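Structure record follows, encoded as structure tokens.
Predicted model only: the values in this text are computed from it and were never measured. Numbers restart at 1 for each chain; the letters A, B, ... are given by sequence-line order, proteins then strands.
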Protein chains: 2
Amino acid sequence: MATSTVENYLKHILLLSEGGEELVPMGALAEALAVVPGTVTTMVKSLADSGHVEHRPRQGVRLSAEGRRVALNVLRKHRLVETFLVNVLKMDWATVHAEAEQLEHAISDEVLDRLDALLGHPTTDPHGDPIPSRQGKIDSQVYATLATCVVEKGLRVVRITEQSAEFLQFADLNGLQPGASLRVTERNLAAGLVSVKKTTGRPLILSLAAAGKILVQPAR
Amino acid sequence: MATSTVENYLKHILLLSEGGEELVPMGALAEALAVVPGTVTTMVKSLADSGHVEHRPRQGVRLSAEGRRVALNVLRKHRLVETFLVNVLKMDWATVHAEAEQLEHAISDEVLDRLDALLGHPTTDPHGDPIPSRQGKIDSQVYATLATCVVEKGLRVVRITEQSAEFLQFADLNGLQPGASLRVTERNLAAGLVSVKKTTGRPLILSLAAAGKILVQPAR
DNA sequence: AGATTTATTTTGACTATTCAAAATAGGTCG
DNA sequence: CGACCTATTTTGAATAGTCAAAATAAATCT
Ligand SMILES: [Mn+2]
Ligand SMILES: [Mn+2]
Ligand SMILES: [Mn+2]
Ligand SMILES: [Mn+2]
């Protein structure tokens, strides 16, 4: 019964609130949804009327328990669909985000369950993004990034937190997929650069901005 | 760029015009789309403005070449999705129609092609409905039905032309799936009944209305 | 404190889609 | 032919979502 517009609003509020507690500023939401701020104000008020969010005028929005439930379900659909598109249909991981953006609103919970089973109940999508469980639990572990981790330690890529096709294409081409092993050889804050050595392939230099999008954990 | 409303209008015009040539009366379209006639008049005029249909006031609508192209693409998506849901996700053929009704508007041509390949380029969906080719060709062969076919000849079910879950459930339960072998043992026009003997299972009696929804061809 | 910048909200308008109800064009039938 | 029936069209109004631009509140900066 939630329209896809409503689902998108709720999903982005969830994504912007790092778990669902903090107030999301209207401007940030407008930016994420690619609409003007006035539109967000209007929609958020109606979302508040329907009990999906709490609106603190001039401060921001926060999901209600019900809003969070809906948002997690949409996010689960999004990420399971991405997994399906990559693992089963063999699509390019750089392009599946746009596809999933539509499909997340079109698949039923029934299809969702069957996809989940077909895929073997995955816990992360092709980008390493955690897939909320059927019950709405989502892994909220905090990871270091290539911009913040310790230098000269063995690391494993766990996640790429960026959905633009260009960046993902670039990451893929340079062996930065979840599971890849590497270490940071040098970090120059002044120059804003991070040097990375992968176990295989040539050394790589990233900007701090790019490095900040690659989440890592200590190699097992 | 066509909205899903537009896609639904075009698809139903195609379905109601037996191939695309005849004029579809506004009332029939309104009924198929479950909207009031006035709404159809309004929408059809805008579809005519965008070049998707030709509107003969007071007579009906007909698809333009472009409208037909769009409609066939949507129909192809619908039927390939149904095939996927049944063959891969093992869903009940009685329920996939409603799912496909949404998904047909959400999958891209890219995903469509990959689904087609995954399924081995099927030419009919689980109900025996022909799947339009990528180039927009669709099998328009005319078949007899259990209400019109010859009596006491070996037959094979080719298609069930009804998408309601109840009817499909009933057909499935009684062994009336595409491919099933049977013959009509008796037809009583006065009583409006058709008696059917399947190769396996007990004899079956259908109303003429129900029998008319089962398309058959002479057993090979 | 007063002025200025910035984020948010308001207002007015527009598109797409729909319905209810009234108006109308075409037949049809006596 | 004229009354009548039926399908279609018109008219007026509603809902969801959006934008542009003006108004306003809050925060920041002399
Ligand atoms: Mn979306
Ligand atoms: Mn992802
Ligand atoms: Mn549809
Ligand atoms: Mn079908």
Side-chain angles (χ1 to χ4, degrees), chain A residues 1-17 22-63 66-67 70-71 74 101-102 104-106, chain B residues 1-18 22-64 66-67 70-71 74 101-102 104-106:
Chain A
M1 335 320 160
T3 63
S4 52
T5 302
V6 166
E7 291 187 341
N8 280 332
Y9 272 77
L10 297 178
K11 187 185 68 170
H12 278 108
I13 294 168
L14 175 69
L15 257 14
L16 289 170
S17 65
E22 295 117 76
L23 282 171
V24 175
M26 309 302 265
L29 189 51
E31 158 112 57
L33 290 161
V35 294
V36 303
T39 300
V40 168
T41 299
T42 307
M43 279 299 298
V44 161
K45 278 201 280 198
S46 107
L47 253 21
D49 284 348
S50 59
H52 288 103
V53 305
E54 177 193 352
H55 180 207
R56 292 289 187 70
R58 238 93 215 188
Q59 298 192 74
V61 234
R62 183 182 358 239
L63 292 175
E66 170 62 4
V70 175
V74 176
E101 204 54 53
Q102 296 308 123
E104 65 189 357
H105 313 295
Chain B
M1 333 308 160
T3 64
S4 51
T5 302
V6 166
E7 291 187 341
N8 279 334
Y9 272 77
L10 297 178
K11 186 185 68 170
H12 278 108
I13 294 169
L14 176 69
L15 256 15
L16 289 171
S17 64
E18 304 288 328
E22 295 115 77
L23 281 172
V24 175
M26 310 302 265
L29 189 51
E31 158 111 59
L33 290 162
V35 295
V36 302
T39 300
V40 169
T41 299
T42 307
M43 278 300 297
V44 161
K45 279 200 278 197
S46 108
L47 253 22
D49 284 348
S50 60
H52 288 103
V53 305
E54 176 193 352
H55 179 206
R56 292 288 187 72
R58 239 95 214 185
Q59 299 192 72
V61 234
R62 187 188 345 247
L63 292 175
S64 69
E66 170 62 4
V70 174
V74 176
E101 205 53 54
Q102 296 309 123
E104 65 189 359
H105 313 294

task: Note the angle between the end axes of the helix from C:dA1-D:dT30 to C:dG30-D:dC1, five pairs defining each, rounded to 10 degrees.
output: 20°

message: Show the nearest heavy-atom pair for residues B:G51 and B:S64, with the distance to one decimal.
response: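 In this case the closest contact between B:G51 and B:S64 is O-OG, 2.7 Å.
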
- request: List the atom of B:A30, the atom of B:V40, and the distance in Å for their closest heavy-atom pair.
  value: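 Closest pair (atom of B:A30, atom of B:V40, distance): CA-CG2, 3.5 Å.
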
message: Heavy atoms from C-beta onward define the side chain here; which of C:dT10, C:dT9, D:dT8 lies closest to that of B:P37?
response: D:dT8

Quickly work out the [X] [atom1] to [N] [atom2] distance and round it to whole Å.
{"X": "B:D49", "N": "C:dT17", "atom1": "CG", "atom2": "P", "answer": "13 Å"}
{"X": "B:L47", "N": "C:dT18", "atom1": "CG", "atom2": "P", "answer": "11 Å"}
{"X": "A:R56", "N": "C:dT9", "atom1": "CZ", "atom2": "P", "answer": "13 Å"}
{"X": "B:E7", "N": "C:dA16", "atom1": "CD", "atom2": "C1'", "answer": "15 Å"}
{"X": "B:E31", "N": "C:dC19", "atom1": "CD", "atom2": "P", "answer": "13 Å"}
{"X": "A:K45", "N": "C:dT8", "atom1": "NZ", "atom2": "P", "answer": "14 Å"}
{"X": "A:L23", "N": "C:dT8", "atom1": "CG", "atom2": "P", "answer": "11 Å"}

query: Under the side chain to side chain contact (heavy atoms under 4.5 Å, CB included) test, which residues partner A:T41, sequence neighbours left out?
result: A:M26, A:K45

query: How would you list all residue pairs meeting side-chain hydrogen bond (donor to acceptor under 3.5 Å, both in side chains) that involve residues 47-60 of chain B, not counting sequence neighbours?
result: B:S50-B:H52, B:E54-B:R56, B:E54-B:R62

- prompt: OP1 or OP2 of D:dT8 sitting under 4.0 Å from any side-chain N/O of B:H55?
  reply: no

- request: Decide yes or no for A:L29 and A:V44: does some side-chain heavy atom of the first lie under 4.5 Å from some side-chain heavy atom of the second?
  value: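 Answer yes - side chains close enough.
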
- request: For atom CD of A:E66, decide whether the heavy atoms of other residues, nucleotides or ligands shown that lie under 6.0 angstrom number more than 12.
  value: yes

For nucleotides 24-26 of chain C, print each protein N/O atom paired with a nucleotide N/O atom at under 3.5 Å, atom names and distance only.
residue, atom, partner, partner atom, Å
C:dT24, O2, B:R58, NH2, 2.9
C:dA25, O4', B:R58, NH1, 3.3

- prompt: Between A:S46 and A:T42, is there a donor-acceptor pair closer than 3.5 Å when you use the side chain of the first and the backbone of the second?
  reply: no

Determine all donor-acceptor pairs shorter than 3.5 Å in which one atom belongs to a side chain in residues 7-16 of chain A; sequence neighbours excluded.
residue, atom, partner, partner atom, Å
A:E7, OE1, A:H105, ND1, 2.7
A:N8, OD1, A:H105, NE2, 3.0
A:N8, ND2, A:S4, O, 3.4
A:K11, NZ, A:E101, OE1, 3.1
A:K11, NZ, A:E101, OE2, 2.8
A:K11, NZ, A:E104, OE1, 3.0
A:K11, NZ, A:E104, OE2, 3.0
A:H12, ND1, A:N8, O, 3.1

- prompt: What distance do A:M1 atom CE and A:T3 atom OG1 have between them, rounded to the nearest 0.5 Å?
  reply: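 Reported to 0.5 Å precision, the distance equals 12.5 Å.
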
- prompt: Can you give one letter per nucleotide of nucleotides 15-21 of chain D, 5' to 3': B if a protein heavy atom sits under 4.0 Å from the base, S if only from the sugar-phosphate, - if neither?
  reply: --SSBS-

